[in-house]
2 protein chains.
Amino acid sequence: MSTDRIITLHGEQELVQRAGHLFVASREEFLVAATDLMTFSAGVNAAFREGKRPHVVPGLTMRKLYSRRALADPESLRRLRRIAASGIEIRISDGPIAREAIVIDRRTAILAGAPVRGVHTYTVVQAPEVVDGVRSLFRATWETATALADCAAPPPPLTEQARDTLRALSAGHTDETGARLLGVSLRTYRRRVADLMATLGASSRFQAGLLARDLLREEVTPAAPR
Amino acid sequence: MSTDRIITLHGEQELVQRAGHLFVASREEFLVAATDLMTFSAGVNAAFREGKRPHVVPGLTMRKLYSRRALADPESLRRLRRIAASGIEIRISDGPIAREAIVIDRRTAILAGAPVRGVHTYTVVQAPEVVDGVRSLFRATWETATALADCAAPPPPLTEQARDTLRALSAGHTDETGARLLGVSLRTYRRRVADLMATLGASSRFQAGLLARDLLREEVTPAAPR
DNA sequence: ACCGATCTGGCAGTTTGCTGCCATGAGCAC
DNA sequence: GTGCTCATGGCAGCAAACTGCCAGATCGGT
């Protein structure tokens, strides 16, 4: 194995700067396996936040695999839901994540390295036998993992008020019209919209629509066991 | 059959005024069978538009069954998609709709009557044998019908630009942030958002999020034949 | 090269959405 | 009865979103 095909990056910023272009260039497959949303995954988050992330192209498979630690708290779950609603497939593995990694287009693997002086390291490998091994491990774990929708606790049922609000929003009405239809003042309607968005964990109305759609779908067709 | 259990309503306004409360009170099941989105269904639309429609409660089944005529033009399809995205199950029957009707809570059937002097009539029936018959017919046709997502022509694939826009919106960013991430001006970003919304057929960002979620879902898991 | 179509970006005016503030009323417990 | 909590509605200030307009840049065809 040629050593010039292995690079070690120190810290998230170096990851972003030296591997971010790989993220952007990804066209077939972008896989992430991480224990939770914070540690290894923080490197991916940092890159994404700076716009270094795959274009959403037809044919690109984007999958994220986490351990149950990712469901540890409500905010993490809300984040996972937001990620899922934006079109990324998410599964949760019952066991630990044996190898935290990012696999890009079947050609590059970025592995979690040992922290050096408290700084995360990332090992970038392009040796086919390593990449294939990591990818196979991902696939095997993926196949036994459970879709997020099937293993996360269902969100608390919406109140009737929230549902009426959801319905008015779903119809594409302005707030003024929605308020009138529900027979409340504009201020009250907007207060309820804000409450619904907080419940959904959304920071924009578009995102709220994405999340709400998942919710509606779960009610019409409750999740079946995998 | 007692005649006082049959009422004939003339025109949509009378439907709204004298049967609208039944729509609102519906708690278990609200079924509509119509040939297309315009003729018989126009009465339901009018009631809904005036706020006379079922509350969105858990346990309420809302289903709409149409013939293929409902897919006749792109705008009808866009409307169907909006309806579906708001949580109503929609199926398309290959055959004609034998009996255009609304069935409410298994107790009331509203049937399409013959037009009188060009005015739609609606026959409201609460005789159990009639209601059961209409409902059975609905169910039988529903079982052989195809889910909207499975029979409508898939929407044209989004351009890469539209996808990037979708992704920024999905992340819940403000327009300013979205524009920066995509490397375009705010004006251009907003122009693209407006284009995406036109493509989706949405009149608000929330609604666009609902519709976009269906789109994303169709790409990750393409429709299987029923 | 020129020309036309299209896209971009800056700016401005407008509409819609967001939220704090405050007064009021309703409901509930004591 | 009183006091507290919570929800509502009106208002105001602000942010975010919407879109027209116009000038300039870009692209493709001849």
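Numbers restart at 1 for each chain; the letters A, B, ... are given by sequence-line order, proteins then strands. Just so we're clear, the structure is a prediction, and the values are computed from it rather than from any experiment. The analysis underlying the following values was restricted to heavy atoms, covering all of them including side chains, and did not include hydrogens, waters or symmetry mates.
Between A:Arg27 and A:Asp105 there is no salt bridge, since no side-chain nitrogen of the basic residue lies less than 4.0 Å from a carboxylate oxygen of the acidic one. Between A:Glu29 and A:Arg63 there is no salt bridge, since no side-chain nitrogen of the basic residue lies less than 4.0 Å from a carboxylate oxygen of the acidic one.
Other residues, nucleotides and ligands contribute more than 12 heavy atoms inside 6.0 Å of the CD atom of B:Glu160. Atom CZ of B:Arg107 has 12 or fewer neighbouring heavy atoms from other residues, nucleotides or ligands inside a 6.0 Å radius.
Of all nucleotides in DNA chain C having an atom under 4.0 Å from a heavy atom of chain A, the first and last in 5' to 3' order are C:dG17 to C:dC21.
Among residues two or more places apart in sequence or in another chain, the ring-ring contact (aromatic ring centres under 6.0 Å, His included) test is passed with B:Tyr189 by none. In this structure A:Thr123 satisfies the side-chain hydrogen bond (donor to acceptor under 3.5 Å, both in side chains) test with no other residue, sequence neighbours excluded.
Between A:Tyr122 and A:Phe40, the ring planes lie tilted relative to each other; the angle falls in the 30° to 60° range.
Put simply, the residue from B:Arg69, B:Arg79, B:Arg68, B:Lys64 that forms a salt bridge (Lys or Arg N to Asp or Glu O under 4.0 Å) with B:Asp36 is B:Arg69. For the salt bridge (Lys or Arg N to Asp or Glu O under 4.0 Å) with B:Asp175, the lone residue among B:Arg192, B:Arg205, B:Arg191 that qualifies is B:Arg205.
Side-chain contact of A:Thr35 with A:Glu100: a donor-acceptor pair under 3.5 Å is present, judged by distance alone. In this model, a donor atom of one side chain and an acceptor atom of the other lie less than 3.5 Å apart for B:Gln207 and B:Ser203.
Ring to ring, A:Phe30 and A:Phe138 are not that close: their centroids are 6.0 angstrom or more apart.
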Mark up nucleotides 17-22 of chain D, 5' to 3', with B wherever a protein heavy atom is under 4.0 angstrom from a base atom, S wherever such an atom reaches only the sugar-phosphate, and - elsewhere.
BBBBB-

Give each protein N/O atom lying under 3.5 Å from an N/O atom of nucleotides 25-27 of chain D, with the pair distance.
none

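Atom CG of A:Leu182 and atom P of D:dA7 are 17 Å apart (whole Å).
Axis deviation across the helix from C:dA1-D:dT30 to C:dC30-D:dG1 amounts to 40°, comparing end segments of five pairs, rounded to 10 degrees.
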